[in-house]
Amino acid sequence: MGGNVGDPLVWFRTAATAFAAMLDELLAAPLYRTEAISSLSQPPYLNTVLVGVTRHPAADLLAVGKALEHAAGRRLGLRHGPRPLDVDLLLYDDVVTAGSELRLPHPRLR
């Protein structure tokens, strides 16, 4: 998860609560800051990663993430633009998929 406008930490807590209902053994990485990778001038991002065990399909997790982004005020707009919350599904077990909505592993995972 990441965010660089408003109060991303509030949204991280909201997202963690929502995902806790879907993920067992939920762990959160320490918070860290990264510079925005964009040609647009914007503040740095606050980031974290959640890890857990689930029986829910990856598509359900992604749908919750997108609903959380919308609730935080994120709207479709400039690619790589500022946002209050960005939720990406990075990995889901050893699943590899390249659908239009869901790509696993995340294409920019390093």
Side-chain angles (χ1 to χ4, degrees):
M1 297 185 293
N4 69 341
V5 294
D7 191 348
L9 191 53
V10 168
W11 288 106
F12 291 177
R13 288 183 183 128
T14 301
T17 299
F19 283 119
M22 302 177 79
L23 300 172
D24 295 326
E25 302 174 35
L26 182 65
L27 299 171
L31 298 172
Y32 61 98
R33 290 208 180 269
T34 57
E35 292 300 319
I37 301 173
S38 174
S39 60
L40 303 171
S41 177
Q42 57 185 302
Y45 278 83
L46 184 63
N47 304 277
T48 191
V49 174
L50 300 178
V51 177
V53 176
T54 189
R55 289 194 172 113
H56 291 276
D60 289 358
L61 297 171
L62 182 64
V64 168
K66 295 305 171 193
L68 287 162
E69 290 177 348
H70 188 79
R74 182 172 179 188
R75 301 295 181 262
L76 293 178
L78 295 172
R79 184 169 170 84
H80 304 296
R83 58 197 81 156
L85 180 65
D86 180 41
V87 178
D88 293 315
L89 189 56
L90 303 177
L91 297 166
Y92 186 90
D93 199 24
D94 59 355
V95 172
V96 175
T97 184
S100 61
E101 292 294 316
L102 179 61
R103 294 183 188 161
L104 291 170
H106 190 281
R108 290 179 303 282
L109 178 65
R110 312 181 225 186

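Predicted model only: the values in this text are computed from it and were never measured.
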Quiz item: salt bridge (Lys or Arg N to Asp or Glu O under 4.0 Å): which pairs involve residues 24-47, sequence neighbours left out?
Solution: none
Quiz item: Got a sec, which hydrophobics cluster with Leu91, joining ILVMFWY side chains under 4.5 Å apart, including via others?
Solution: Leu90, Leu109
Quiz item: Leu31: what forms a side chain to side chain contact (heavy atoms under 4.5 Å, CB included) with it, not counting sequence neighbours?
Solution: Leu9, Phe12, Leu46, Thr48
Quiz item: For Asn47, which residues count as a side chain to side chain contact (heavy atoms under 4.5 Å, CB included) partner, sequence neighbours excluded?
Solution: Tyr32, Thr34, Tyr45
Donor-acceptor pairs under 3.5 Å, side chain of residues 92-105 to any protein atom, not counting sequence neighbours: which ones?
unit_1, atom_1, unit_2, atom_2, d
Tyr92, OH, His56, O, 2.5

Pairs of donor and acceptor atoms involving the side chains of residues 13-23, under 3.5 Å and at least two apart or interchain, shall be tabulated with distances.
unit_1, atom_1, unit_2, atom_2, d
Thr14, OG1, Val10, O, 3.0
Thr17, OG1, Arg13, O, 3.0

Exercise. Taking all heavy atoms of Ala72 and all of Pro84, pick out the closest pair and write down the distance.
Key: O-CG, 3.3 Å
Quiz prompt | Non-neighbouring partners of Arg108 that pass side chain to side chain contact (heavy atoms under 4.5 Å, CB included), sequence neighbours left out | solution = Arg79, His106
Exercise. Give, for atom CG of Asp7 and atom CG of Leu85, the distance between the pair rounded to the nearest 0.5 Å.
Key: 11.5 Å
Exercise. Search all heavy atoms of Leu40 against all heavy atoms of Pro82 and return the closest pair with its distance.
Key: CD1-CD, 4.5 Å
Exercise. Under 4.5 Å between side-chain heavy atoms, chaining through other members, with only Ile, Leu, Val, Met, Phe, Trp and Tyr counted: pull out the rest of the cluster around Val53, sorted by chain and number.
Key: none
Exercise. Sorted by first residue and then second, give each salt bridge (Lys or Arg N to Asp or Glu O under 4.0 Å) pair with at least one member in residues 55-66; sequence neighbours left out.
Key: Lys66-Glu69
Practice problem: Treating Ile, Leu, Val, Met, Phe, Trp and Tyr as nodes and any side-chain heavy-atom pair under 4.5 angstrom as an edge, say whether Val5 and Trp11 lie in one connected cluster. | Solution: no
Self-check item: Minimum-distance pair of heavy atoms, taken over all atoms of Ala28 and Leu50
Solution: CB-CD2, 3.7 Å
Quiz item: Does any N or O in the side chain of Asn4 come within less than 3.5 Å of the main-chain N or O of Pro43, such that one atom is a donor and the other an acceptor?
Solution: yes
